[in-house]
Amino acid sequence: MNVVYDTALGEQVQLIGPGQRRFTMYVCGPTVDNSPHLGHGRLAIVFDLLRRHLERRGVEVVMVQNITDVDDKIIDRARRSGMSPVEVAREFEAAWFSALDRLGILRPTKSPRATEWISQMIGMIVEMIDSGSAYRISDGVYLSVDRVEGYPRLSRQDREELLAGARVEVLEEKRSPLDFALWKLVGAEEYGFESPWGWGRPGWHTECVAMSLGLLGEGFDLHGGGMDLVFPHHENEWAQASVLGKRFCRHWMHNGLVEMGGEKMSKSIGNTMSLTEALDRYGARPLRLAYLRAQYRSPLEMGEPVLEESERALERIDDFIRRAQGAEPAVPTPKIEEFATALDDDLDTPRAFAVLFEAVRAGNIALDTGESERARYLADSVAGMLGWVGIGTERLVLSDEVKDLVTRRERAKAERDYATADQIRSHLGEMGYLLKDTRDGPVISRA
RNA sequence: GGCGGCGUGGCCGAGUGGUUAGGCAGAGGCCUGCAAAGCCUCGCACAGCGGUUCGAAUCCGCUCGCCGCCUCCA
């Protein structure tokens with residue numbers, strides 16, 4: 001049960017050992033220099049899905065996700081806006097959590113900030129210098145990749161080719177062009193921290209090593225992030241753990257990127273949509289469904305057409321559950337188990353949703369043929385599937401006033417007083433409700 | 001230039017040697033005071049060209065096209 005594709009091995013592995021009850025994961029979080037976009041949302045959804053799935057399977061999950069609150073882009077933004085870097089970081093950290101809360105993402109067990117781990121990072125860098133793996137040059141401290149066994153081993157690239165293809169500006173003082181900064185020295189007037197080498201800032205890759213090992217310990221179960229972090233970020237984290245002589249994560253997992261118009265969603269291309277905007281326009285549940293349509297490693301097309309499609313698809317599911325009055329059962333049904341089994345296979349959400357939609361169709365047929373018990377069973381199962389992946393069922397609490405209006409309209413309809421019935425319906429519309437007459441009676445939803 | 005991956009019906013998106021993926025859109029039907037929904041049925045697709053095979057979307061080769069990484073990026 002439960003295999004996942006391990007980036008480092010290039011094949012699927014068993015994620016949970018026999019009898020394992022606790023699972024530790026570290027997922028690279030955001031650099032808080034801007035509001036999160038749909039790409040960040042996918043990262044959050046994918047690892048939230050993994051977490052929920054494992055928890056449903058009876059495994060306790062400890063999840064750490066960092067907040068990178070020291071970075072050049074944050075400083076640039078601060079400079080432009082007249083705020084301090086800390087203010088900028090706190091503002092977008094709040095935006096991050098607020099958007100993810102709205103999406104229904106479970107909060108990580110811990111969300112450490114890079115700036116709160118500076119002393120641990122410095123300690124690690126000292127150790128790396130002492131062991132001869134890192135060296136000091138005029139502008140900072142660098143890790144010598146020649147000291148890293150097997151480098152690069154996560155991205156499985158050829159070292160020579162990496163060198164040949166390197167577009168990095170080569171610093172003469174560096175021993176190898178592939179060496180990367182652990183500590184960058186900056187002027188005293190700049191945002192920074194005191195260190196044995198002078199005023200400066202930590203390199204990007206070091207924080208994750210310090211925080212993952214510091215909070216989860218050596219040999220933690222999983223390290224995750226977006227596909228674009230494989231190289232150099234994760235490669236260079238592993239390199240540091242390696243020269244420190246620490247066992248790093250057991251497995252690596254990376255989610256595919258979000259595309260818009262067939263191209264990677266990125267700020268530099270300008271084809272982004274902010275998570276908040278998507279939440280405002282479509283709501284959390286359709287958005288979640290949109291994310292789960294594709295397997296997590298595949299690129300995922302996002303944009304208005306697919307979001308609208310997800311809206312309609314979810315409506316169909318909701319309508320069925322409502323018609324058959326389904327509710328998530330306390331104990332998973334065999335149908336739910338079928339859905340969950342698909343998720344065991346490297347989080348195969350497309351297959352899982354095929355199971356779900358087949359249940360919807362079968363349930364609708366059961367309703368039409370009067371097999372209400374079977375319909376109810378299927379509706380409960382579908383509700384359970386939605387619950388399993390954190391979409392949940394639609395809950396609309398109606399005020400007494402609304403209920404009364406619906407009742408009055410039904411009475412008017414029965415008396416063939418359609419003028420009154422239509423008037424009430426449009427009144428409900430003004431109140432923000434959409435009333436639809438169905439074979440099973442009136443149905444109210446948010447307009 | 002190197003490395004990795006991909007090209008599936010109008011769109012999204014699974015599959016990976018022989019049985020229906022699934023969704024959205026579209027067509028037909030049912031239901032219906034109106035409206036808007038809802039329900040049912042319907043697709044025989046797999047970049048091109050060769051090859052292997054009794055049989056290929058699925059394996060091999062070539063061609064074309066696309067994307068990602070190699071630089072900050074989820």
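Below, read A as the first sequence line, B as the second, and so on, with proteins coming before strands; counting in each chain starts at 1. The model shown is predicted, which means the values in this text are computed figures rather than measured ones. What's counted below: heavy atoms across the whole structure, side chains too, no hydrogens, waters or symmetry copies.
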Practice task
For RNA chain B, list all stems, counting runs of three or more consecutive pairs where every pair is Watson-Crick or G-U wobble with both distances under 3.5 Å.
Solution key: B:1-7 with B:64-70, B:10-12 with B:22-24, B:26-30 with B:38-42, B:47-51 with B:59-63
With a non-hydrogen cut-off below 4.0 angstrom, is [X] in contact with a base, only sugar-phosphate, or nothing?
{"X": "Asp72(A)", "value": "nothing"}
{"X": "Leu257(A)", "value": "base"}
{"X": "Ile365(A)", "value": "sugar-phosphate"}
{"X": "Val258(A)", "value": "base"}
{"X": "His254(A)", "value": "nothing"}
{"X": "Gly39(A)", "value": "base"}

Closest nucleotide among [options] to the [X] side chain:
{"X": "Lys73(A)", "options": "G13(B), C72(B), G33(B)", "value": "C72(B)"}
{"X": "Glu301(A)", "options": "G13(B), C34(B), A74(B)", "value": "G13(B)"}
{"X": "Tyr418(A)", "options": "G33(B), A74(B), C40(B)", "value": "G33(B)"}
{"X": "Asp319(A)", "options": "C70(B), G13(B), G38(B)", "value": "G38(B)"}
{"X": "Arg425(A)", "options": "C70(B), A35(B), G38(B)", "value": "A35(B)"}
{"X": "Pro350(A)", "options": "A74(B), A21(B), C34(B)", "value": "A21(B)"}
{"X": "Asp437(A)", "options": "A35(B), G38(B), C69(B)", "value": "A35(B)"}
{"X": "Lys436(A)", "options": "U41(B), A36(B), G13(B)", "value": "A36(B)"}

Using atom [atom1] of [X] as one end and atom [atom2] of [N] as the other, report the distance to the nearest whole Å.
{"X": "Met227(A)", "N": "C6(B)", "atom1": "CE", "atom2": "P", "value": "10 Å"}
{"X": "Ile317(A)", "N": "C39(B)", "atom1": "CD1", "atom2": "C1'", "value": "16 Å"}
{"X": "Asp228(A)", "N": "G68(B)", "atom1": "CG", "atom2": "P", "value": "11 Å"}
{"X": "Asn34(A)", "N": "C72(B)", "atom1": "CG", "atom2": "P", "value": "18 Å"}
{"X": "Arg297(A)", "N": "G68(B)", "atom1": "CZ", "atom2": "P", "value": "19 Å"}
{"X": "Leu289(A)", "N": "A14(B)", "atom1": "CG", "atom2": "P", "value": "14 Å"}
{"X": "Ile105(A)", "N": "A74(B)", "atom1": "CD1", "atom2": "P", "value": "16 Å"}
{"X": "Glu315(A)", "N": "A37(B)", "atom1": "CD", "atom2": "C1'", "value": "8 Å"}

[N] to [M] separation - [atom1] atoms, rounded to the nearest Å:
{"N": "C6(B)", "M": "A14(B)", "atom1": "C1'", "answer": "15 Å"}
{"N": "A57(B)", "M": "G48(B)", "atom1": "P", "answer": "10 Å"}
{"N": "G7(B)", "M": "C60(B)", "atom1": "P", "answer": "14 Å"}
{"N": "G2(B)", "M": "C11(B)", "atom1": "C1'", "answer": "35 Å"}
{"N": "A45(B)", "M": "U8(B)", "atom1": "C1'", "answer": "6 Å"}
{"N": "C44(B)", "M": "G10(B)", "atom1": "P", "answer": "12 Å"}
{"N": "G50(B)", "M": "G13(B)", "atom1": "P", "answer": "30 Å"}
{"N": "C62(B)", "M": "C39(B)", "atom1": "P", "answer": "49 Å"}

Exercise for the section: Map His205(A) and Arg409(A) onto RNA chain B by nearest heavy atom, then report which one ends up closer to the 5' terminus. Expected result: Arg409(A)
Problem - Pro299(A) vs Ala421(A), nearer the 5' end of RNA chain B by closest nucleotide - result: Pro299(A)
Practice task
Would you give a per-nucleotide map of nucleotides 23-32 of chain B, 5' to 3', where B means the base has a protein non-hydrogen atom under 4.0 Å away, S means only the sugar-phosphate does, and - means neither?
Solution key: BSS-------
Give me the atom names and distance for the closest heavy-atom approach of [X] to [Y].
{"X": "Met121(A)", "Y": "Ala114(A)", "value": "CE-O, 3.3 Å"}
{"X": "Ala375(A)", "Y": "Phe320(A)", "value": "O-CZ, 3.8 Å"}
{"X": "Leu435(A)", "Y": "Asp437(A)", "value": "CD2-OD1, 3.8 Å"}
{"X": "Gln14(A)", "Y": "His251(A)", "value": "O-NE2, 3.8 Å"}

Practice task
Ignoring backbone atoms, establish whether Asn255(A) has a side-chain N or O less than 4.0 Å from OP1 or OP2 of A74(B).
Solution key: no
Does a side chain donor of either [X] or [Y] reach within less than 3.5 Å of an acceptor in the other side chain?
{"X": "Thr68(A)", "Y": "Glu207(A)", "answer": "yes"}
{"X": "His233(A)", "Y": "Glu237(A)", "answer": "yes"}
{"X": "Tyr151(A)", "Y": "Asn236(A)", "answer": "yes"}

Handout entry: Sidechain-backbone polar pair: Asp221(A) side chain, Thr24(A) backbone, donor-acceptor under 3.5 Å
Key = yes
Handout entry: Check: Asp69(A) side chain, Ala89(A) main-chain N or O, donor-acceptor pair, under 3.5 Å
Key = no
Problem - NZ/NE/NH1/NH2 to OD/OE distance under 4.0 Å, Arg107(A) and Asp101(A) - result: yes
Exercise for the section: Evaluate the side-chain proximity of Val64(A) to Thr109(A): yes if any heavy-atom separation is below 4.5 Å, no if none is. Expected result: no
Practice task
Scan Asp348(A), Asp346(A), Thr349(A) and name whichever one has a side chain to side chain donor-acceptor pair (under 3.5 Å) with Tyr296(A).
Solution key: Asp346(A)
